[in-house]
Structure formats: C-alpha cells, structure tokens
Engineer: 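One structure coming up, written as structure tokens, with questions to follow.
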Amino acid sequence: MNILVCGGAGYIGCHTVYELIDKGYNVIVVDNLVKGHKSSVHEKAKLCVGDLRDEKFMDIVFKENNIDAVIDFAAFSLVGESVCEPFKYYENNVYATLKLLEAMERAKVKKIVFSSTAAVYGEPNKDIISEDDNILPTNPYGETKLTVERLLKWADMAYGIKFIALRYFNAAGAHISGKIGEDHNPETHLIPIVLQAAAGKREKVYIFGDDYLTYDGTCLRDYIHVTDLANAHIKALERLVNANESGIYNLGNGKGFSVKEVIEEAKKVTGYNIKTEICDRRKGDPSVLIASSDKAMKQLGWKPKFNSLNEIIKTAWNWHVNNPNGYND
Ligand code: NAD
Ligand code: UDP
C-alpha cells in the first residue's frame, strides 16, 4: 500500500514512518519543513517538500504516487502559542486540513488517519477520560482539532471519506535506535525540557503552577511512547481497510504523572540534579488529562508496549545523549 504521511518530518510523523517502513508499506512524506527535519525522514521514504495548502503541489503528489491512504500529522500544536495567536492555528490546522481533504476528494482517496489530541476535552469532569465524555476545549489548539474532527464526520457523510481520529495524550520518548527523537524549536514539552536541564543546557525547569487541585499541586498528564502512538496508526489503517468504518479513539497509558513526578523520574534516569522554580500557570492548561484507551484496545487491537514512565524517559534520554543538539537541519 502507498501511504501519504503529511507532517512525516515531524516528531510523531517520523516515528510512524519508521514503523510503516518496517511493516512493508511504501511511504511518501509531504512536509513543508517549517517545523520538521529532513534528516528525520527514513531513507526508504520519498520526501516531497511542500505545503498542504498548495493545491497544484498536492494534486501532483496524489497523481504521481498512486496514494491509497493518508496519515495527517501536519499542524501547529503549541497550546500557549495558540492562545496568543489563534488565527495562525485556524489557518494551519483547519484550513490546511480542509485543503488536504479537497485534494483527497479530487484524487478519490477515501481513507485518512488524523492526529487529534486530548486537548479537545478541555477541563474534564472525570479522572479518566473516554471518547464520549464532555468535549469543551480550553484553548484554540484543541478547538481547531475538534473542528477538523467534525469536518471529517461531514466529509465521510458527503464523500465517503472514512477517517480515524486518534486523540493522543502526551507523546514522549524516542525511537529505541536513538536515531530519531523529539526536537522541537522552540521546545515547550515537559520531558525534553527536563532532560535539557539535566544535561546542563538549561539552568532550570519552570513548573507552570503548583496550585492545581492535584495531589502535589502540579498538572497530571498521561505520557505515551511515540512508537506506541506510531503503531496505533498502523492499526488504524488496518481497521480502515478491513472494516471501512470511521471512528475516534483515545491513545494513552491510562496513568497520570504530575510535573513534579516527571522531574523526579528524570533525575533517576539521568543521575543528574534538576533545578526547578515554580512560576505562574500556563494559560489554557487543564489540570488533569488521563486517557481511557479501552476503545482503541478493543476495536483496533492496540496495546502500548512502553507502559512505565521510567522506560519512556530512558528512550528520550538515549536520544538526547546521542544527539545533544538535536538534528542538524
Ligand atoms: P511536529 O511539529 O513535530 O510535526 C508536524 C509536522 O508537520 C512538521 O514537520 C511540520 O513541518 C509539518 N507541517 C505543519 N504544517 C504543515 C503544512 N501546512 N504543510 C506541510 N507540512 C506541515 O508535531 P508533532 O509533535 O509530531 O505532532 C504531530 C501531530 O500530533 C500534530 O497534529 C499535533 O497536533 C498532534 N499531537 C501531538 C501531541 C504531542 O504530544 N506532540 C499530542 C497530541 C496531538
Ligand atoms: N510544563 C511545565 N513546565 C514546562 C513545560 C511544561 O510545568 O517547561 C507542564 C505543563 O503546564 C503541563 C505539563 O507540563 O501541565 C505537560 O506539558 P507539555 O507542554 O509537555 O504538554 P501538553 O500537556 O501541553 O500537551
């Protein structure tokens, strides 16, 4: 099968490309490299540099590569930035995905796996969130992803484009080979920031608020290994092929860790001290986000392999030690 991976030079995208190639898929990556890294793309994948919003470019990609299905990672994903610059998020996350769906419709490609997020839930009213719980995003980033989920539902009804939207909780860790990992610029995610502090690349970690109603006052998140996420995309593709049915699935480990617990675990993994300072809450942050992934386990047959925070941080640290400055491009 020929799989088009949009945003395949990004963090989760490049790990998914590795798993796809490992399982014998033919992979075509589209990425504008605004955030991604050319060198993160597997040598057996074909990289087409361009933007989802460029109709002519996308028509050529579909025409020349006989695409069977699409996996779409291409988006902006910084919660704080989305609060300050909502237009930028609607433009790249909603409009660009609309352009991708239009190109799919022109090319008669009817299957898509879409990167959604736990941010669609907002501040949950339950400890463990299921797919049919309340949806009320607290930031524009989550709102744009929810808008696309709804757009996908209508595209299915109107054009028969079948979709699987995967609501990831907190992606973390790196490929076990240490060849690819997380390198965002600017880095805003907790685990890479904590590891940069452990490696002496940052003076300290700022903890965004210790006055949340949690056991230690800091936010709880469900960290899920990036290779486990990557494999869920393959399960989703298989389901689209075999059941031809749209669906929405959470992906997480089902266990929450506070910001302080992540820092303590990183101290153990790295053997270094990590200085911290409490500062104000970050706007738009819900206090607790933990997944129930029962639906994905039952319907997709997915099961995360990295189910301890220690293992997840170890793979991230391995990448960090091998690539202290991230990618070269
Ligand atoms: P990333 O920024 O590393 O990757 C996104 C890639 O898409 C980048 O390579 C970027 O250059 C490319 N891109 C963006 N807009 C594009 C466009 N218009 N045309 C072509 N290419 C474009 O992000 P990531 O951390 O790998 O996240 C991947 C997806 O998963 C995103 O949609 C994100 O919202 C979602 N997600 C991420 C997390 C997480 O913890 N990282 C959690 C939940 C959901
Ligand atoms: N966080 C923090 N300091 C940082 C980065 C993140 O305290 O330098 C907190 C953030 O407020 C959130 C958690 O760590 O509660 C995870 O944040 P991240 O940005 O990694 O992922 P998000 O949950 O926003 O997708």
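In this chain, numbering begins with 1 at the start of the sequence shown. Below, all heavy atoms of this structure are taken into account, side chains as well, without hydrogens, waters or symmetry copies. Numbering of ligands and ligand atoms starts at 1, following listing order.
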Engineer: State yes or no: are the ring centers of Trp319 and Tyr327 separated by less than 6.0 Å?
Structural biologist: yes
Engineer: If you count the atoms of ligand 2 from 1 in the order shown, which ones are under 4.0 Å from a heavy atom of Cys219?
Structural biologist: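 Atoms satisfying the 4.0 Å criterion: 15 (O).
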Engineer: Please report whether the ring centroid of Phe73 lies less than 6.0 Å from that of His233.
Structural biologist: yes
Engineer: Which of the listed options, Leu78, Val288, Asn170, Val79, holds the heavy atom that is closest to atom 21 (O) of ligand 2?
Structural biologist: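 It is Asn170 whose heavy atom sits nearest to atom 21 (O) of ligand 2.
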Engineer: Tell me whether the NZ or CZ atom of Arg221 lies within the 45° cone about the ring axis of Phe169 and under 6.0 Å from its centre.
Structural biologist: no
Engineer: Tell me: protein heavy atom nearest atom 31 (C) of ligand 1, and distance?
Structural biologist: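 The closest heavy atom on the protein side is Phe73 O, 3.2 Å.
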Engineer: Any idea which part of Cys6 is under 4.0 Å from ligand 1, heavy-atom wise: side chain, backbone, both or neither?
Structural biologist: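 The answer is neither; Cys6 stays 4.0 Å or more away.
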Engineer: Looking only at heavy atoms, is any part of Arg221 under 4.0 Å from ligand 2, and if so is it the side chain, the backbone, or both, or is it neither?
Structural biologist: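 Side chain only.
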Engineer: Between Val205 and ligand 2, does any nitrogen or oxygen pair lie at a separation below 3.5 Å?
Structural biologist: no
Engineer: Tell me whether Tyr215 at atom OH has more than 12 heavy atoms from other residues, nucleotides or ligands lying less than 6.0 Å away.
Structural biologist: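 Check passes, neighbour count above 12.
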Engineer: Using non-hydrogen atoms of the residue, decide whether His37 is closer than 4.0 angstrom to ligand 1.
Structural biologist: no
Engineer: Pick whichever of Ile224, Val34, Ile191, Asp31 has a heavy atom sitting closest to atom 10 (C) of ligand 1.
Structural biologist: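 Selected option, by shortest heavy-atom distance: Asp31.
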Engineer: For atom 17 (C) of ligand 1, what's the nearest protein heavy-atom neighbour? Residue, atom name and distance, please.
Structural biologist: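 The answer is Asn32 ND2, 3.3 Å.
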Engineer: List ligand 1 atoms under 4.0 Å from Gly50, heavy atoms only on the residue side.
Structural biologist: 20 (C)
Engineer: Applying a strict 4.0 Å limit to heavy atoms, is Tyr223 in contact with ligand 2?
Structural biologist: yes
Engineer: Are there over 12 heavy-atom neighbours, none belonging to Lys283, within less than 6.0 Å of that residue's NZ?
Structural biologist: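 For Lys283, atom NZ is not crowded (no more than 12 foreign heavy atoms under 6.0 Å).
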Engineer: Judged on heavy-atom distance to atom 5 (C) of ligand 2, which of Ile263, Asp222, Val262, Thr188 sits nearest?
Structural biologist: Thr188
Engineer: Please compare Phe208, Phe169, Tyr206 and report which has the shortest non-hydrogen distance to atom 1 (N) of ligand 2.
Structural biologist: Phe208
Engineer: At the 4.0 Å heavy-atom cut-off, does Ala172 count as touching ligand 1?
Structural biologist: no
